[in-house]
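One-based numbering, in listed order, for ligands and for the atoms of each.
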Amino acid sequence: MLSREEMKTDKKTYTVNDELYQRFPVKNQAFAIVSTRDMGEPSYLGFLEKMHQRLAVRMEREDPGFSREENAQDLGANALNLLLGSYGFPNHQFLKWEPLIVPEPLTKHKTKKPPEELTEMVKKTATLYGSDLTGISALDEKWIYSKDMDKPFIITEKGKPKETEEAFYLPKTMNRAIVMGFLMDEPMISNSPELKASTATSFGYSRMGITAVSLAEYIRALGYQAIPSMNDTAMSIPLAVDAGLGQLGRHGLLITPEYGSNIRLAKVITDMPLDIDQPVDFGITEFCENCFLCADHCPSDAISRGEPTMETDYQTGNPGVSKWFVHAEECLKFWQDNGASCINCITVCPFTFGFESMQCFECERCAERDRGCILQNNTQFRVEHGFLKQDRWADRGEILPPRRRGL
Ligand code: SF4
Ligand code: SF4
């Protein structure tokens, strides 16, 4: 069994072709492409309209998993997400780039402490506010969006983060990203693609918003700049990889040693001088090469069965980074036909619930690997550290939620 310390790697966690790679514009995300097509004008969340129309039909028909009560639970779970940040728009709603409640005199004087101490304070406070896993990365400019729906993100030498009529300005001095992971509720996720799984996702988003907004205010009260961010401003998954939270899987999502794929991500970008974490390698790339469970269970056939590649024809993909590209437009079209979002790829990923002996029939190559069965190693790690209860290899493990404090 690898400890977290032993998982740390000095190797580059991404292979990037700098000549090919360009920062990605938000308007090329599947949400924006499908929404803009549906609405006939630039839109980011317009795709929801078709999805909700379909949901109304399924509720009316009383399809299993699409009851009015289940929909009510989903709406309640989503309330704080929509109030705080609506999945994430830069400098919007409560995701403001300026202090919300912190008195101005406090923002003018920085708390002077060594980076090590500040890092510990920030991580403890992120946990207190609701983060289940926190890491810190240097903010790699590659992962900052080139443009929101209509305005560019311009990186400046110094100053404060700000928005004008023309652009969003991010100073280079804001060179740290505090990346936070939020465990989604089990057994709700097991019901994907029904409304219960959507509720787990919605609640994850609400918790992302509460925690990112709260942590940004905490940092501002210590005199530093902070940008709370959900899906906006910069890409959360590569930042999470850089921050050592986990590795990228075939399904295009993060896989963490502690919670597998069952995690949502938010971040706070700051100029606080924080120590950075090291990326980890616990064998996910090798494992995914031989595992196709997410692709097998994807109802829209959106997940690649090939090798990682730098190139893609998908408008939603960004060439220049070696990875498995996901046909995100097809994924979203399935959500619309289904009447609710889908997380099948998260639910079936064996790193979500840990090793079950039946899975050995799915895998034939573990003997070739230096590290033995990567999944069994990770399952032992989770059991040992209290993230999973696994009495018998024959049974599905039980995800043990962390004992949260605070929000
Ligand atoms: S969310 Fe569902 S449809 Fe989309 S890639 Fe994952 S399994 Fe496929
Ligand atoms: S289901 Fe298998 S191939 Fe897909 S991300 Fe999880 S481990 Fe990788």
Side-chain angles (χ1 to χ4, degrees), residues 29-31 33-34 47 50-51 54 65 184 188-198 200-202 204-205 231 237 240-241 245-264 281-308 312 314 316-317 322-356 358-366 369 371 373-379 382 396-397 399:
Q29 279 186 2
F31 296 118
I33 287 175
V34 175
F47 79 94
K50 258 193 192 168
M51 193 170 99
R54 178 69 182 150
M184 289 191 286
M188 297 293 266
I189 58 161
S190 305
N191 294 281
S192 175
E194 296 175 0
L195 280 171
K196 279 194 174 119
S198 170
T201 302
S202 299
Y205 268 101
N231 290 353
I237 294 174
V241 171
L245 260 57
Q247 285 185 267
L248 188 69
R250 178 184 291 278
H251 51 10
L253 303 170
L254 189 76
I255 303 182
T256 66
E258 289 80 3
Y259 308 111
S261 297
N262 184 20
I263 199 145
R264 305 220 74 86
D281 179 355
F282 59 113
I284 290 299
T285 311
E286 295 148 78
F287 193 91
C288 289
E289 275 168 11
N290 193 43
C291 172
F292 299 90
L293 281 174
C294 51
D296 291 346
H297 289 84
C298 172
S300 63
D301 210 12
I303 297 173
S304 162
R305 289 172 180 279
E307 297 293 315
T312 176
Y314 304 151
T316 54
S322 177
K323 61 181 177 179
W324 290 281
F325 285 93
V326 172
H327 201 337
E329 256 187 86
E330 291 302 312
C331 162
L332 209 54
K333 280 193 224 154
F334 170 73
W335 294 16
Q336 292 184 315
D337 292 343
N338 182 50
S341 62
C342 165
I343 48 169
N344 282 11
C345 43
I346 289 178
T347 309
V348 300
C349 177
F351 287 91
T352 294
F353 289 99
F355 175 77
E356 284 172 69
M358 274 300 285
Q359 285 158 343
C360 274
F361 296 104
E362 312 261 1
C363 167
E364 291 159 4
R365 279 180 30 199
C366 60
R369 298 194 183 105
R371 295 190 257 194
C373 175
I374 288 154
L375 179 58
Q376 283 189 34
N377 282 339
N378 177 249
T379 304
R382 290 175 70 184
R396 169 179 271 205
I399 296 171

- prompt: So C298 and C345, side-chain contact (heavy atoms from CB on, under 4.5 Å) or not? Walk me through it.
  reply: CA-CA 6 Å; C298 172; C345 43; 5.9 Å; no
Quick one: look up the protein heavy atom nearest [atom] and list residue, atom name and how far away it is.
| atom | result |
| --- | --- |
| atom 3 (S) of ligand 1 | S300 OG, 3.3 Å |
| atom 7 (S) of ligand 2 | F287 CD2, 3.6 Å |
| atom 2 (Fe) of ligand 1 | C342 SG, 2.2 Å |
| atom 4 (Fe) of ligand 1 | C331 SG, 2.4 Å |
| atom 8 (Fe) of ligand 1 | C298 SG, 2.3 Å |

message: With a 6.0 Å cut-off on the ring centroids, do F287 and F351 count as close?
response: yes
- prompt: Quick one: do the T352 and N262 side chains pair a donor with an acceptor below 3.5 Å?
  reply: no
field: Side-chain donor-acceptor contact under 3.5 Å, H251 with S261
entry: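 There is such a pair (donor and acceptor under 3.5 Å, judged by atom type) between the side chains of H251 and S261.
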task: Specify the closest pair of heavy atoms between Y314 and H327, including all atoms of both residues, with the distance to one decimal.
output: CE2-CD2, 3.3 Å
field: Considering all heavy atoms, the nearest P257-N378 contact
entry: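 Looking at all heavy atoms of both residues, the closest pair is O-ND2, 3.0 Å.
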message: Suppose the cut-off is 2.8 Å; how many protein N/O/S atoms fall inside it around atom 4 (Fe) of ligand 2?
response: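 N, O or S atoms of the protein closer than 2.8 Å: 1.
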field: Residues K50, D337: salt bridge by 4.0 Å N-O rule
entry: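 Not counted as a salt bridge, because no side-chain N and carboxylate O are separated by less than 4.0 Å.
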- prompt: Considering only heavy atoms of N344, which atoms of ligand 1 have at least one such atom less than 4.0 Å away?
  reply: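 This gives 7 (S) as the contact atoms.
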- request: Return the set of residues passing salt bridge (charged side-chain N to carboxylate O under 4.0 Å, His left out) with E329 (not counting sequence neighbours), or none when no residue passes.
  value: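 Counting only residues at least two positions away or on another chain, E329 forms a salt bridge (charged side-chain N to carboxylate O under 4.0 Å, His left out) with R37.
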- prompt: Going from CG on L195 to CG on N191, what distance comes out if it is rounded to the nearest 0.5 angstrom?
  reply: 10.0 Å
